[in-house]
Amino acid sequence: MSLNPARVAREFPARYRLEATVCQGCGAVVFPARLVCPTCRGRHFTPKPLQPEGTVSTFTVIHVPPAEFKLDAPYVLAIVHLADGVRITCQLADVDPATVKTGMPVRLEFRRVQQDGAAGVIAYGHKAVPV
């Protein structure tokens, strides 16, 4: 799989700063940012930094990963419910997959996610680690 540099750049606020937007019309927190509010169809937003603390809502252990992640297997992919009410899908790092539980407190850390050898693009993002 090849990384698309334009897509990586477009996702900078969400990926690099863990930033959502707040709809000025209804106050909904939208992550990742969209052009139209999914709640009220409004189009005016203000940026909102998200708190990196949350809990594991659900998870799965990946034993047969895509080629880019074969050295990481087995690894945990989870949906983390952040304190701001936003849910984010991310990898759990620094944890034995057998010890992961629903409701487990985690904190998001900024780390390297993958590297495209052909294009040389390194993608960074957030991974969850146990608190």
Side-chain angles (χ1 to χ4, degrees):
M1 179 176 138
S2 181
L3 290 175
N4 179 337
R7 178 175 173 228
V8 172
R10 186 172 56 246
E11 294 177 350
F12 277 173
R15 184 181 298 267
Y16 291 155
R17 293 194 303 257
L18 194 59
E19 183 178 281
T21 55
V22 177
C23 176
Q24 292 178 357
C26 70
V29 178
V30 182
F31 180 84
R34 298 184 179 108
L35 294 175
V36 178
C37 175
T39 304
C40 74
R41 314 302 289 166
R43 293 181 174 261
H44 301 286
F45 299 91
T46 55
K48 173 184 176 45
L50 297 173
Q51 298 299 315
E53 295 82 19
T55 57
V56 173
S57 294
T58 188
F59 67 94
T60 188
V61 179
I62 307 295
H63 293 280
V64 182
E68 302 87 36
F69 298 99
K70 68 181 177 182
L71 297 176
D72 296 332
Y75 62 91
V76 179
L77 191 62
I79 296 176
V80 174
H81 190 203
L82 298 179
D84 297 297
V86 170
R87 288 192 172 97
I88 184 170
T89 303
C90 61
Q91 182 180 350
L92 264 65
D94 305 338
V95 65
D96 177 1
T99 64
V100 178
K101 305 246 186 281
T102 302
M104 175 180 189
V106 294
R107 179 175 176 80
L108 297 182
E109 290 185 354
F110 190 70
R111 296 189 176 186
R112 188 178 89 174
V113 175
Q114 82 181 83
Q115 180 174 350
D116 181 6
V121 177
I122 299 174
Y124 292 90
H126 289 86
K127 291 186 179 184
V129 295
V131 174

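- I88 and V100 fall within the same hydrophobic cluster, where Ile, Leu, Val, Met, Phe, Trp and Tyr residues are linked whenever their side-chain heavy atoms come under 4.5 Å apart, directly or through other members.
- The line from CG of L92 to CG of L108 is 9.5 Å long, rounded to the nearest 0.5 Å.
- Pairing each heavy atom of V29 with each of A20, the nearest pair is CG1-CB, 3.9 Å.
- In this structure, CG on L82 lies 7.5 Å from CZ on F31, to the nearest 0.5 angstrom.
- Judged by distance alone, the side chain of D96 and the main-chain N or O of A98 form a donor-acceptor pair under 3.5 Å.
- Interatomic distance, CG of L18 versus CD of Q51, reported as 9.0 Å (0.5 Å rounding).
- Minimum interatomic distance between E109 and R111 (heavy atoms only, all atoms of both residues): OE1-NH2, 2.8 Å.
- When side chains are defined from C-beta on, P38 counts as touching V30, because their heavy atoms get closer than 4.5 Å.
- Side-chain contact between K127 and C90 is absent, with no heavy-atom pair separated by less than 4.5 Å.
- Residues V36 and F45 fall into different hydrophobic clusters, defined by Ile, Leu, Val, Met, Phe, Trp and Tyr side chains chained together at heavy-atom separations under 4.5 Å.
- Note: the hydrophobic cluster containing V61 also contains V56 (ILVMFWY, side chain heavy atoms under 4.5 Å, direct or indirect links).
- To the nearest 0.5 Å, atom OG1 of residue T89 and atom CZ of residue R87 are 10.5 Å apart.
- In terms of modelled atom types and a separation under 3.5 Å, the side chain of D94 and the main chain of V129 share no donor-acceptor contact.
- Between H63 and A73, the closest heavy-atom pair is O-CB, 3.8 Å.
- With rounding to the nearest 0.5 angstrom, the CZ atom of R41 is 11.0 Å from the SG atom of C23.
- Scanning both residues, V106 and V80, for their nearest heavy atoms gives CG2-CG1, 3.6 Å.
- Under the 4.5 Å side-chain heavy-atom criterion for Ile, Leu, Val, Met, Phe, Trp and Tyr, I79 and V95 are members of distinct hydrophobic clusters.
- Between C37 and C26 the shortest side-chain heavy-atom distance falls below 4.5 Å.
- Here CD of Q24 is found 5.5 Å from OG1 of T46. Values are rounded to the nearest 0.5 Å.
- At a threshold of 4.5 Å between non-hydrogen side-chain atoms, the residues E53 and V131 do not count as touching.
- Heavy atoms only, all atoms of each residue included: K70 and P65 are closest at CA-CG, 3.5 Å.
- Closest approach of T39 and A28 over heavy atoms only: OG1-CB, 3.7 Å.
- Between Y75 and F69, the two ring planes are tilted [angle within 30° to 60°].
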